[in-house]
Chemist: 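Mind looking over this structure? Questions follow.
Every chain is numbered from 1, with letters handed out A, B, ... down the list of sequences.
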Amino acid sequence: MDMQKPVRVRFAPSPTGFIHVGNVRTALFNWLWAGRLGGTFMLRIEDTDAERSEARYEEQLMEDLRWLGLDWNEGVGRGGDCGPYRQSDRYGIYREYARRLLDEDKAYRCFCSAEELDAVRQEQAAKKETPLYSGKCRHLPQGEVDEKLRAGAPFTLRLRVRPGTVGFDDLVFGRVEIATSMVSDPVLLRSDGSPTYNFCCVIDDALMRITHVIRGDGHLPNTHRQVLAYEALGFAPPRFAHLSTILGPDGQKLSKRHGATSIEEFRRRGYLPEALVNYLALLGWSPATDGEEIFSADEIKAQFDLGRVVKSPAVFDPAKLDWMNRTYINKTPGEVLAKTARPYFEEAGLVADADADPDPAATDAWLGRVIDLVKTHVDHLDQLPAASGVVYGFADAAGGETAVPPEAPLALEDAARAALAPPEARAVAEEFARLAYGRERLDSESYREMLGGVKAATKQKGRNLYHPIRAALTGRDSGPDLERLIAVYEDGARLGLPRKVASCKERLRAFLAML
RNA sequence: GUCCCUAUCGUCUAGUCGGCCUAGGACACCGCGCUUUCAAUGCGGCAACACGGGUUCGAAUCCCGUUGGGGACGCCA
């Protein structure tokens, strides 16, 4: 265990589906550990399950990692001197080691059929016994083996598990030790000659000089088998660190029915990668200092310590993720958010597709101001178009995902109508409108001047002054700061957007006519 | 069934050698303040050591048991 050795860790997913938050947290902890210690973070693809592995999942998974900023510096897509990094490209290597184990009698051929083994297991289960391999083929006389081979009988290769105990010192769970009598002789090679996970994993981690295996705690029992395999192969085992499972709010393993779980889905819904990374890092790990929880990836990297990872499973809390995402959204300037948020506005028909937009830069700049106005109301970016109703003029689809009416007229909400009902309120609104109509150009500065004019003419102030103006201008009785909103209305009106943004004068005329 | 792991507020967690813990922080929730309004924000509140035995002058912290939760027992990974 010399700590001088450069740290090498790997993330080794199977491309059998969309990658979910649990896997990503594993990748993240590997990435953080490598980053903290200035080591190598490798991506290896475990596609020995030919049935379920698909190339598109591999693509997706790499895209997800890149999006999150979990860049790997060796492995699939990056190369390196320990390749190939896809297990399906390494079968020759596994065969070679299997041969060696067989020659050294550390492994043996098992001629039991899958059906046979299954029957035995069922029998054992029925008798309430621990289902274990009987060891039937462990000591087959050589003559019998030769005979079966001559007859072309299919066989698997099993590791000969030694008596005694196996154990290892897990970086998060501590010493874990069991009697080898509790572990069946693991199958190394299937009857079709393909290698199994436990075998590939050991050979790859050894050959790729992995120093720390950081993975889900579902592998904890596998680790015993793997340690035995390391022994048989004559390799020194790496350090292990097992991460507890992430559960859904009901305490069950996180799955699709808990809502969004795939990274792809979080991205689609407008979660920021830095928020997801921050949240996931705090699931099972915490910094040594109490208090602050908002950290950049680099800040986390600087403090990350496997020794501070908790052993018990953590429940994924969407509400806290939302809070964190909100925090990041509010920290990020609208003009920056506009780049990632624009597609949501395009989809809602509020801005033209970028390639059909005569001046996309102007649109983005304006969109950034809209976003700054309404972003404190959203949990994730895909809610932005609906939250922008106050600018576009449609009635707020409260909670509605993308319910943005394309051609609806300006909507005067009941609360705004009520706010304008008293004669004094109406007088304020009309005086404001009169001043606005008389002006060529409206902006934040002229708004302040007009406000003074209305104040002088109507003798109203405070709420009685602002509220009617807000209602007559926005059709609502609450919303963002008027001074900034007015400029956004005016500039939006000049932009020629697919869904026209009404100017202040147009709004005043329309709303006052509705009373 | 057998084996392994695990157990602090509703949730994420701090608590690293037992005393500094009348158990701290964050999310959620509730209240108050700020603000023309809403949101944001600031302040405050509610809320936990699963249970039972030990060991000890002293236990959330150590030991045993009970209960709850998770996992494994595959020619899946």
Chemist: Tell me whether the rings of A/Tyr94 and A/Tyr91 are parallel (<30°), tilted (30 to 60°) or perpendicular (>60°).
Modeler: tilted
Chemist: B/U2 P sits how many Å from A/Gln124 CD, rounded?
Modeler: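 Rounded to the whole Å, the gap is 15 Å.
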Chemist: When you look at A/Glu293 and A/Lys320, which way does the salt bridge (charged side-chain N to carboxylate O under 4.0 Å, His left out) test go after all the steps?
Modeler: CA-CA 11 Å; A/Glu293 293 198 346; A/Lys320 186 152 184 180; 2.8 Å; yes
Chemist: Checking A/Arg44 against A/Asp205 for the salt bridge (charged side-chain N to carboxylate O under 4.0 Å, His left out) test, could you report, in this order, the C-alpha distance in whole Å, the side-chain angles of both residues, the deciding distance, and whether it holds?
Modeler: CA-CA 10 Å; A/Arg44 184 171 77 214; A/Asp205 286 336; 2.8 Å; yes
Chemist: Among the candidates B/C75, B/A77, B/C12, find the nucleotide nearest to the side-chain atoms of A/Ala314.
Modeler: B/C12
Chemist: Below 3.5 Å, does any donor atom in the side chain of A/Thr376 face an acceptor in the base of B/A40, or the other way round?
Modeler: no
Chemist: Any side-chain heavy atom of A/Thr261 sitting closer than 4.5 Å to one from A/Phe18?
Modeler: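 No, every pair of side-chain atoms sits at 4.5 Å or beyond.
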Chemist: Could you check A/Ser14 against A/Tyr279 and say which one's nearest nucleotide on RNA chain B is further toward the 5' end?
Modeler: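 In this pair, the answer is A/Tyr279.
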Chemist: Please work out which of the three classes, parallel, tilted or perpendicular, describes the rings of A/Trp33 and A/His212, given edges at 30° and 60°.
Modeler: perpendicular
Chemist: Does a distance-only test, which skips hydrogens and angles, find a donor-acceptor pair under 3.5 Å between the side chain of A/Thr196 and the base of B/C75?
Modeler: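 No such pair is found, so the answer is no.
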Chemist: Can you tell me how far the CG atom of A/Leu306 sits from the CZ atom of A/Arg239, to the nearest 0.5 Å?
Modeler: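 That separation rounds to 10.0 Å.
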Chemist: Look through every strand shown and name the nucleotide pairing with B/A39 as Watson-Crick or G-U wobble, where both distances are under 3.5 Å.
Modeler: none
Chemist: So if I take every side-chain heavy atom of A/Phe173 and compare against B/A40, B/A77, B/U6, which nucleotide ends up nearest?
Modeler: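 The answer is B/U6, which lies nearest to the side chain.
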Chemist: Paired with B/C34 by Watson-Crick or G-U wobble geometry, both distances under 3.5 Å: which nucleotide is it?
Modeler: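 Paired with B/C34, as far as the under-3.5 Å criterion goes, is no nucleotide at all.
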Chemist: Looking at A/Ser244, I'd like to know whether one of its side-chain N or O atoms comes within less than 4.0 Å of OP1 or OP2 on B/C5.
Modeler: no
Chemist: Any base atoms under 4.0 Å from A/Cys201, or only sugar-phosphate, or nothing? Heavy atoms, all strands.
Modeler: nothing
Chemist: Classify A/Arg225 by what it touches in the nucleic acid, base, sugar-phosphate, or nothing, heavy-atom distance under 4.0 Å.
Modeler: sugar-phosphate
Chemist: Is the ring pair A/Trp285/A/Phe304 parallel, tilted or perpendicular, if the boundaries are 30 and 60 degrees?
Modeler: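 Rings of A/Trp285 and A/Phe304: tilted, 30 to 60°.
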Chemist: Just checking A/Leu282: base, sugar-phosphate only, or nothing, at a heavy-atom cut-off of under 4.0 Å?
Modeler: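 Answer is sugar-phosphate: A/Leu282 comes under 4.0 Å of backbone atoms only.
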Chemist: Of all the nucleotides listed (B/C38, B/C3, B/G71), which has the minimum atom distance to the side chain of A/Pro221?
Modeler: B/G71
Chemist: Can you tell me which nucleotide in B/C73, B/C38, B/U36 comes closest to the side chain of A/His377?
Modeler: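 In terms of side-chain proximity for A/His377, the closest of B/C73, B/C38, B/U36 is B/C38.
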Chemist: Among B/A77, B/U6, B/C75, which nucleotide sits nearest the side chain of A/Glu46?
Modeler: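 Within the option list, the nearest is B/A77.
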Chemist: Reading nucleotides 14-28 of chain B from the 5' end, what letters show protein touch, with B for base, S for backbone sugar-phosphate only, - for no heavy atom under 4.0 Å?
Modeler: SS--------BBBSS
Chemist: Please report the distance, rounded to the nearest Å, between NE2 in A/His242 and C1' in B/U6.
Modeler: 15 Å
Chemist: Would A/Arg369 and A/Asp372 pass as an ion pair if we require N to O under 4.0 Å?
Modeler: no
Chemist: Any chance you could lay out the side-chain contact (heavy atoms from CB on, under 4.5 Å) test for A/Arg158 and A/Cys137, step after step, and finish with the verdict?
Modeler: CA-CA 9 Å; A/Arg158 283 185 190 267; A/Cys137 302; over 6 Å; no
Chemist: Please classify the nucleic acid contact of A/Ser312 as base, sugar-phosphate, or nothing, using heavy-atom distances under 4.0 Å.
Modeler: sugar-phosphate
Chemist: Answer yes or no for A/Arg25 and A/Phe29: cation-pi contact, defined as NZ/CZ to six-membered ring centre under 6.0 Å and angle to ring axis within 45°.
Modeler: yes
Chemist: Using atom CG of A/Asn278 as one end and atom P of B/C12 as the other, report the distance to the nearest whole Å.
Modeler: 17 Å
Chemist: Would you classify A/His219 as touching base, sugar-phosphate or nothing, given that sugar-phosphate means primed atoms plus P, OP1 and OP2, and contacts are heavy atoms under 4.0 Å?
Modeler: base
Chemist: Expressed in whole Å, how much space separates the C1' atoms belonging to B/U41 and B/U35?
Modeler: 10 Å
Chemist: Using a heavy-atom cut-off of under 4.0 Å over every strand shown, decide if A/Leu283 touches base, sugar-phosphate, or nothing.
Modeler: sugar-phosphate
Chemist: Taking B/U16 as the reference, what is the distance to B/G54 when you measure between their P atoms (whole Å, please)?
Modeler: 26 Å
Chemist: Expressed as a whole number of Å, how far does the C1' atom of B/G65 sit from that of B/C27?
Modeler: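 36 Å, rounded to whole Å.
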Chemist: Without decimals, in angstroms, what is the distance between A/Leu132 CG and B/U2 C1'?
Modeler: 8 Å
Chemist: Answer yes when A/Asp305 and A/Arg308 have at least one side-chain N-carboxylate O distance shorter than 4.0 Å, and no when they do not.
Modeler: no
Chemist: Please name the nucleotide paired to B/C62 by Watson-Crick or G-U wobble geometry with both distances under 3.5 Å, or report none.
Modeler: B/G54
Chemist: For nucleotides B/C20 and B/C5, find the distance between their C1' atoms and express it as a whole number of Å.
Modeler: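 To the nearest whole Å, 33 Å.
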Chemist: Examine B/U36: is either OP1 or OP2 under 4.0 Å from a nitrogen or oxygen in the side chain of A/Arg448? Give yes or no.
Modeler: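 No, no such contact exists.
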Chemist: Between the protein and nucleotides 47-52 of chain B, list the N/O to N/O atom pairs that are separated by less than 3.5 angstrom.
Modeler:
none

Chemist: Heavy-atom nearest nucleotide on RNA chain B for A/Phe111 versus A/Lys375: which residue maps closer to 5'?
Modeler: A/Lys375
Chemist: Below 4.0 angstrom, which residues in residues 155-164 of chain A have at least one non-hydrogen atom near RNA chain B?
Modeler: A/Thr156, A/Arg158
Chemist: Within the structure provided, determine whether A/His224 and A/Phe168 are in side-chain contact (heavy-atom separation under 4.5 Å).
Modeler: yes
